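These notes are about the structure you will find just below.
What you see is a predicted model, and the numbers here were worked out from it, not measured in a lab. Order of the sequence lines fixes the chain letters, A, B, ..., with proteins taken first and strands second; residue numbering starts at 1 for each chain. These numbers come from the heavy atoms of this one structure, side chains and all, not from hydrogens, waters or symmetry mates.
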There are 2 protein chains.
Amino acid sequence: MENLIPDIIVGRLPIYLQALEHMKSQGVMSTSSQELGQVIGISAAQIRKDLSQFGEFGKQGKGYSIPFLVEQLRSILNVDQVWDIAVIGAGNLGRAITHYQGFLNHGFRVKLVFDNDPRCIGTPIIDEFIVQDMANLVPLVQKANIKIAMLTVPASAAQSVTDLLVKAGIKAILNYAPITLSVPPGVHVQYVDPVIYLQKMTYYLK
Amino acid sequence: MENLIPDIIVGRLPIYLQALEHMKSQGVMSTSSQELGQVIGISAAQIRKDLSQFGEFGKQGKGYSIPFLVEQLRSILNVDQVWDIAVIGAGNLGRAITHYQGFLNHGFRVKLVFDNDPRCIGTPIIDEFIVQDMANLVPLVQKANIKIAMLTVPASAAQSVTDLLVKAGIKAILNYAPITLSVPPGVHVQYVDPVIYLQKMTYYLK
DNA sequence: TAGATTGTTAATCGATTAACAATC
DNA sequence: TAGATTGTTAATCGATTAACAATC
């Protein structure tokens, strides 16, 4: 039987991975839960508890091998492979995402870009990226076997586009639109509307 | 004495506000905790409990007046005013953010944009937006009395730029760079690195 | 009035922290 | 070996849910 890991723990794993990859790129070969916790602002006990859900990755008295733990976390998070992504909406944000180099080497690659604006369809974003007609979204996403989408369309279009994405077999949506999406069970959504995060901070200001 | 509200509750208020503003724009004048919860996927009990931290905004048997609750939430979140924002990094993402219309009417306005690339400094992003030299960040942010920054620089520059922002009096940072920032107490940081959110979802895929 | 829905209390559930034996 | 740090257990802390009297 599958051991069910709380979502809140899963959400911390990418943060651990990010910090460990940074240390690794600096040539640091090992760390402790204490040191890692200091860097990312999480208690050492919590890091050890979280990791213990997945195995025993450390050595008493020694801490953790960074290359080993990076490898383990990549495997746990399924980013020891490359996931193709469809970007929906070729406005300023969609194009910025398509240009972003930060996905490479972290498990992701933008493969298709869609828009419904005729002035935009067929134009190149970079060399190989031609903006596709949203009307062809379902067959093209299905054919490319893409499971992840990034949604950068206006709020007014977001739900209807989401319905298309679900129809096309998309299982994970990173949503930049300022609206809560309705999706069937088994489809994951993460919200990254900047306004939500800014308003969370202005509560504490003034 | 100030009543201390848990951060997790504060984080839900902008979601309530977003949904209520959407309903309001549709001409809906009132709602219940049940209905609102359905829309955003949060239990009715939790919504009532959260709101009760700040006052009594509903009427038994009737629910909540949407215009009234919107007004109250805006006031609680301090977005019944307009906050000027400094965007740091005039790359693809920084420029996309500067163009984004979604801040207007939600409490925010991009006021200054900075970069350190000489080929970029002095060029206009839109009519009134000239990219400013990062070397002038501290005095310009101080003079404009800006308290909120959005950080779109590479990870390698993020911490040193953050130190400048803190020096300039910035109290809230929305960080797109893939790195945990170190800030003094009283400075708030929210993380919106897309890779973190994508990796959180790929855990559940395949 | 009768029905609906709030605000709040108490019970449940889940997450974090502290502490330490095991051991590298 | 002595010191350091893990993995894990038990205790604490906090968040969510269920239930219902109050009342519009």
**Message:** Any residue in residues 32-39 of chain B with a heavy atom nearer than 4.0 angstrom to DNA chain D? Just list them by number, or reply none.
**Reply:** none
**Asked** Around Lys111(B), counting heavy atoms of other residues, nucleotides and ligands shown, do more than 12 lie under 6.0 Å from its NZ?
**Response** no
**Request:** Check whether any side-chain N or O of Trp83(B) sits under 3.5 Å from a backbone N or O of Asn78(B) as a donor-acceptor pair, and report yes or no.
**Result:** yes
**Asked** Quick one: Phe54(A) CZ to dG7(D) C1', roughly how many Å, whole number?
**Response** 15 Å
**Message:** Does either side chain, that of Tyr16(A) or that of Asp50(A), offer a donor lying less than 3.5 Å from an acceptor on the other one?
**Reply:** yes
**Asked** Between the main-chain N or O of Ala157(A) and the side-chain N or O of Gln159(A), is there a donor-acceptor pair closer than 3.5 Å?
**Response** no
**Item:** Base-contact (B) and sugar-phosphate-only (S) positions in nucleotides 8-18 of chain C, heavy-atom cut-off under 4.0 Å, - elsewhere
**Value:** BB-----SBBB
**Request:** With sequence neighbours left out, write down each residue that passes ring pair (Phe, Tyr, Trp, His ring centres under 6.0 Å) with Tyr100(B), or none if nothing qualifies.
**Result:** Phe103(B)
Using the 3.5 Å cut-off, write out each protein N or O paired with an N or O of nucleotides 22-24 of chain D and the distance between them.
| from | atom 1 | to | atom 2 | distance (Å) |
| --- | --- | --- | --- | --- |
| dT23(D) | O4' | Gln60(B) | NE2 | 3.4 |
| dC24(D) | O4' | Gln60(B) | O | 3.3 |
| dC24(D) | O2 | Gln60(B) | O | 3.1 |

**Request:** Give a yes-or-no answer on whether the side chains of Asp7(A) and Tyr203(B) include a donor-acceptor pair shorter than 3.5 Å.
**Result:** no
**Asked** According to a 3.5 Å limit on both distances, what stems of 3 or more consecutive Watson-Crick or G-U pairs are formed with DNA chain C?
**Response** C:3-24 with D:3-24
**Asked** Is atom CG of Asn105(A) surrounded by more than 12 heavy atoms (other residues, nucleotides or ligands) closer than 6.0 Å?
**Response** no
**Item:** Separation of dT6(D) P from Tyr16(A) OH (nearest whole Å)
**Value:** 13 Å
**Request:** Dump the intermediate steps for side-chain hydrogen bond (donor to acceptor under 3.5 Å, both in side chains) on Tyr197(A) and Asn175(B), then the final yes or no.
**Result:** CA-CA 10 Å; Tyr197(A) 292 97; Asn175(B) 178 32; over 6 Å; no
**Complete:** Rounded to whole Å, OH of Tyr64(B) lies from P of dA4(C) at a distance of 17 Å
**Request:** Taking atom CD of Gln142(B) as the centre, report whether more than 12 heavy atoms of other residues, nucleotides or ligands fall under 6.0 Å from it.
**Result:** yes
**Item:** Closest approach of Phe129(A) to Val110(A) (non-hydrogen atoms, all atoms of both residues)
**Value:** CZ-O, 2.8 Å
**Message:** For residues 168-197 of chain B, which residue pairs pass the salt bridge (Lys or Arg N to Asp or Glu O under 4.0 Å) check, not counting sequence neighbours?
**Reply:** none
**Message:** A quick test of your reading: do over 12 heavy atoms of other residues, nucleotides or ligands sit less than 6.0 Å from CD of Gln38(A)?
**Reply:** no
**Item:** Pairwise side-chain contact, Phe108(A) with Ile148(A), heavy-atom cut-off 4.5 Å (strictly under)
**Value:** yes
